[in-house]
Amino acid sequence: MRSIIHFFSKKLKKHHLVLAVLLISVSCKKNVDTSLSSEQKFDQTDNWIVLDKTDAIKKDNTYSWNFNVKHPVKYVVQMVSNKSLYNSKNHVKVTIVGQEFKRPLLKSYAINSNEIVSEFKKIVSFSKIGEQTISIKTAANFKRIRIIPHFENPIGSGGYHQEWLKMNQSDEKQKALEQFKKAKLGMFIHWGIYSQAGGVWKNTRINYAPYKGPKVAEWLMHAFQIPREEYSELAKTFNPDTSFAQNIAKLAKQSGMKYVVITSKHHDGFALFDSKSSEYDIVDATPYKADAVKELYEACLREGLDFGVYYSHGNDWMDGTDGNYNNVKKVNDSLGIYTHPTGKNLWGPSTNTHKEYLQNKAYPQVKELLNLLPELRLIWFDGTGFITEKQAFQFYKSVYDINPNVLVNRRVGYSFGDYLDAGDNKIPSSSDTLEKYWETCGTINNSWGYKSYDNDWKSPKELLYYFVDILSKGGNYLLNIGPDGKGKVPEISAQNLREIGKWIHQNRDAIYGTSPWKITKEGQGETLLDGTGHRAAKGFKKTFTSKDFWFTTKENKVYVISLTNTEGEILIKSLRKGEATIEDVKLLGNNKTLNWQQNKNELKVTITGLPKDVLGYALEVTLKNK
Ligand code: FHN
């Protein structure tokens with residue numbers, strides 16, 4: 001791609017180039033090629049509900065309005081206040097469609113130069129159109145309330161849904177999904193030329209980088225707004241050990257992982273595979289001159305592991321211009337909507353259009369990966385950015401057309417994923433219902449890419465807790481490693497993975513191929529993993545007792561998982577008489593039948609023969625004619 005631009009620019013005098021870009025942008029404007037096209041069709045402002053404070057029925061600090069819902073979709077509630085009157089200490093209690101939630105007044109974005117919009121994260125769903133009521137209790141001085149359609153994944157026109165459904169419901173996809181569901185645990189690998197820097201640029205740690213945005217190591221270029229030319233110099237020194245592929249595949253196997261997903265191209269645009277549509281790749285731009293993705297693919301297949309690739313399709317800081325930010329912002333401004341600049345190269349974007357980036361780099365590279373890796377099982381899209389519904393569908397369809405056995409994750413965009421993810425380092429609560437199978441991706445410290453000074457390694461117990469929590473709720477765990485510039489996995493993280501791998505191997509019957517039981521857990525309350533930043537800030541202080549259990553099931557077995565090594569009598573209330581008719585209780589790993597007794601209050605089991613340093617144990621409870 002870069003060679004095409006260079007070739008053209010050499011050809012075209014500067015002003016010709018400017019003219020060309022202008023022409024392209026005008027044509028954009030003319031057909032409004034922005035990611036909001038589907039929303040344009042469904043003009044969202046037409047469905048905004050704006051309630052002025054002066055129209056409210058006021059009682060003390062409670063304001064109530066009746067209003068009309070024209071479109072039964074998901075909405076968010078916003079409070080608009082004068083910049084000057086905005087005071088973050090205020091709390092707001094909102095009561096709407098039988099739901100009540102209390103939130104602090106957080107600043108979301110500014111509009112009309114002197115007003116602040118505070119958006120409450122809670123999604124409100126109206127199942128039917130017609131009259132509704134909302135009441136707001138607050139001491140905050142506000143001007144009006146806005147209830148506006150919320151586009152998690154912009155609804156889109158739905159015009160592609162039937163065609164998508166046919167592909168998603170195909171035998172190949174459903175068979176692949178069944179295999180994926182049985183796998184439970186995968187290894188995520190964030191690796192690239194940024195790994196050499198380890199989160200440090202010119203002796204400054206990324207946490208002290210001058211620009212706003214995530215401080216995870218793979219965002220080095222964005223955090224320091226490194227010019228494209230300067231950043232690509234990193235490729236000239238990228239020369240990993242040739243043993244990386246074998247070492248990592250072996251580590252994944254030892255850690256109990258069933259699939260591996262490596263970053264074939266992250267937001268920085270560098271391809272870790274031999275790409276014919278870009279010279280900014282490991283074969284053409286580095287002294288390594290070999291295809292790292294292909295090498296890891298072959299090593300994983302030798303270990304019997306399924307293989308997937310991560311691909312940043314919407315955002316590319318090297319060749320993806322501004323990620324279509326300016327085009328989208330023009331339309332958003334006219335709708336009073338804030339356009340998030342995060343993740344966009346606004347400091348020195350490539351001069352091509354976003355559409356050209358997609359046509360000449362992103363779509364071709366996805367096809368290259370599919371043809372390069374015939375046994376590929378998964379494409380993990382990310383950095384959706386401002387791609388349109390049509391573009392997201394084209395990514396999904398191009399994967400299906402070349403290899404229908406390959407699964408596509410949620411972040412392809414617009415609900416075209418074959419399965420969902422709960423968000424980075426997020427585990428859904430047991431009360432959340434997700435409309436598709438899901439996966440949680442998580443870091444092993446607080447960065448995806450190698451961060452030389454981040455030693456906040458999650459302990460084997462913490463990792464196992466997240467895994468067991470996810471298992472009991474019916475999801476997969478995609479646990480990340482960040483190798484350094486030579487491809488070496490930081491030893492502590494490798495040791496911790498091997499330790500959970502020993503436990504997983506011992507208790508594999510309670511893991512692979514299981515589903516959630518009617519009860520996910522018993523004992524203390526949930527401590528949800530709630531995001532990369534949240535975990536980095538809060539750390540992990542949870543302890544477990546012999547009363548805490550998580551459940552999974554398979555055929556006529558219920559598995560009871562404990563994260564303690566306490567021997568002696570344990571009481572499992574969820575398996576009391578009436579809840580299950582028990583035939584046998586065994587301790588996984590030594591297959592020894594244990595002494596047990598069931599009564600109307602609990603299943604009483606005497607645990608013996610536990611190795612001292614064990615992370616926990618699992619019981620296999622065989623049920624009579626389930
Ligand atoms: O921006 C990326 C980030 O670098 C990392 O790749 C994670 C992994 O899920 N995804 C994006 C942030 O959500």
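We count ligands from 1, going down the list as the structure has it; atoms in each ligand are counted the same way.
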Query - Lys/Arg-Asp/Glu bridge criterion (N-O < 4.0 Å) met for Asp424, Arg411 - result: yes
Query - Among Lys173, Arg410, Lys436, Gln174, the one residue meeting side-chain hydrogen bond (donor to acceptor under 3.5 Å, both in side chains) with Asp418 - result: Lys173
Requested in this report: Around atom 4 (O) of ligand 1, find the nearest protein heavy atom and jot down its residue, atom name and distance.
Outcome: Glu218 OE2, 2.6 Å
**Report entry** His222 and Tyr211 side chains, donor-acceptor separation under 3.5 Å
**Finding:** no
Query - Mutual orientation of the aromatic rings belonging to Phe180 and Tyr437 [parallel < 30°, tilted 30-60°, perpendicular > 60°] - result: perpendicular
Query raised in the report: Taking the six-membered ring of Tyr259, is NZ or CZ of Arg377 closer than 6.0 Å to its centre and within 45° of its axis?
Result: no
Query raised in the report: Under 6.0 Å from the NZ atom of Lys538, do we count more than 12 heavy atoms belonging to anything else shown?
Result: no
Query raised in the report: Asp424 to ligand 1: N or O pair under 3.5 Å?
Result: yes
Query raised in the report: At the 4.0 Å heavy-atom cut-off, does Trp380 count as touching ligand 1?
Result: yes
Query raised in the report: For ligand 1, which atoms have a heavy atom of His267 less than 4.0 angstrom away?
Result: 1 (O), 2 (C)
Query raised in the report: Which ligand 1 atoms are under 4.0 Å away from a heavy-atom of Tyr310?
Result: 6 (O)
Report summary line: Within 4.0 Å of some non-hydrogen atom of Trp219, the atoms of ligand 1 are 1 (O), 2 (C), 3 (C), 4 (O)
Query - Sidechain N-carboxylate O distance under 4.0 Å for Lys473, Asp432 - result: no
Query raised in the report: Looking at Cys441, which atoms of ligand 1 are within less than 4.0 Å of one of its heavy atoms?
Result: 9 (O)
Query - Protein residue, atom and distance nearest to atom 5 (C) of ligand 1, heavy-atom basis - result: His190 NE2, 3.4 Å
Report task. Give the atoms of ligand 1, by number and element, whose distance to some non-hydrogen atom of His266 is under 4.0 Å. Result -> 3 (C), 4 (O), 5 (C), 6 (O)
Query raised in the report: Between the candidates Thr440, Thr384, Asp382, which shows the shortest non-hydrogen contact distance to atom 10 (N) of ligand 1?
Result: Asp382
Report summary line: Under 4.0 Å between heavy atoms, the region of Arg411 that gets near ligand 1 turns out to be side chain
Requested in this report: Mind checking ring-ring contact (aromatic ring centres under 6.0 Å, His included) for Tyr512 and listing every partner two or more places apart, or none if nothing turns up?
Outcome: none
